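Notes follow the structure.
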Amino acid sequence: MSIHSSFRSGGAAAKHRNVLTRLERLEKLEAAERWTDGDGLFGLPKVRSIKVAMKKKKKKTDDDDKK
């Protein structure tokens, strides 16, 4: 019996996730200076998790060079 593709962990690090662990949330809040060491661990503010997509560059063609 094979493992369903959603249970595989090989590419899990590269995949975008909407839900962050508490540690990941704390790291993002510290980077934004919204949380300091000693503040409470519960009732943390929401943290946006934005997927960054790079736009593909347009290939240059010979027609573009002639214009």
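Along the sequence shown, the residues carry numbers beginning at 1. Because the structure is a prediction, the values reported are computed rather than measured.
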Check: residues 18-25 side-chain donor-acceptor pairs under 3.5 Å, at least two apart:
{"from": "Asn18", "atom 1": "OD1", "to": "His16", "atom 2": "NE2", "distance (Å)": "3.3"}
{"from": "Thr21", "atom 1": "OG1", "to": "Glu24", "atom 2": "N", "distance (Å)": "3.3"}
{"from": "Thr21", "atom 1": "OG1", "to": "Glu24", "atom 2": "OE1", "distance (Å)": "3.4"}
{"from": "Arg22", "atom 1": "NE", "to": "Leu41", "atom 2": "O", "distance (Å)": "3.3"}
{"from": "Glu24", "atom 1": "OE1", "to": "Arg17", "atom 2": "NH2", "distance (Å)": "2.6"}
{"from": "Glu24", "atom 1": "OE1", "to": "Thr21", "atom 2": "N", "distance (Å)": "2.9"}
{"from": "Glu24", "atom 1": "OE2", "to": "Arg17", "atom 2": "NH2", "distance (Å)": "3.2"}
{"from": "Arg25", "atom 1": "NH2", "to": "Leu44", "atom 2": "O", "distance (Å)": "3.1"}
{"from": "Arg25", "atom 1": "NH2", "to": "Pro45", "atom 2": "O", "distance (Å)": "2.9"}

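Under a 3.5 Å cut-off, the side chain of Trp35 and the backbone N or O of Gly40 do form a donor-acceptor pair.
Residue pairs meeting the salt bridge (Lys or Arg N to Asp or Glu O under 4.0 Å) criterion with at least one partner in residues 29-52, sequence neighbours excluded, do not occur; the list is empty.
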